[in-house]
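Residue numbers run from 1 in the order of the sequence given.
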Amino acid sequence: MEKKFYETDSIYIANTLSFLGFRYYKFKNFKGKMAYSFVNTKELQLAVEKVFDLKNEFRKILNV
């Protein structure tokens, strides 16, 4: 893990990770857009990986 924080501008990803028990901080990034930041841990990285795996699996099932 190189970065101390994991940042996303997707409220959907932030809320999904929050549902899994990770706390996020909300702020405006340098572009003035709302962003969400998590402390970057091994557990968070695993959760992000699994969430995207699940998303890709359902895209195949739903043909999206």
Closest contact, heavy atoms only, Leu17 versus Ala47
CD2-CB, 4.0 Å
Output the distance between atom OG (Ser37) and atom CG (Asn29), rounded to the nearest 0.5 Å.
11.0 Å
In this structure, would Ile11 and Leu54 fall into the same cluster of hydrophobic residues linked by side-chain contacts under 4.5 Å?
no
Report yes or no: do Tyr25 and Val48 belong to one cluster of Ile/Leu/Val/Met/Phe/Trp/Tyr joined by side chain heavy-atom distances under 4.5 Å?
no
Do the non-hydrogen side-chain atoms of Val39 and Phe5 ever get within less than 4.5 Å of each other?
yes
With under 30° as parallel and over 60° as perpendicular, where do the rings of Phe38 and Phe22 fit, or are they tilted in between?
perpendicular
Of Phe19, Tyr6, Tyr36, the residue whose pairing with Tyr24 passes ring pair (Phe, Tyr, Trp, His ring centres under 6.0 Å):
Tyr36
Would a 4.5 Å heavy-atom cut-off, applied to side chains only, mark Lys28 and Met34 as touching?
yes
Nearest 0.5 angstrom please: Thr41 OG1 to Lys4 NZ, how far?
13.0 Å
Leu20 and Val51, any side-chain heavy atoms less than 4.5 Å apart
yes
Does atom CZ of Phe27 have more than 12 heavy-atom neighbours, drawn from other residues, nucleotides or ligands, at distances under 6.0 Å?
yes
Nearest heavy-atom contact between Lys3 and Asn40 is O-ND2, 3.1 Å
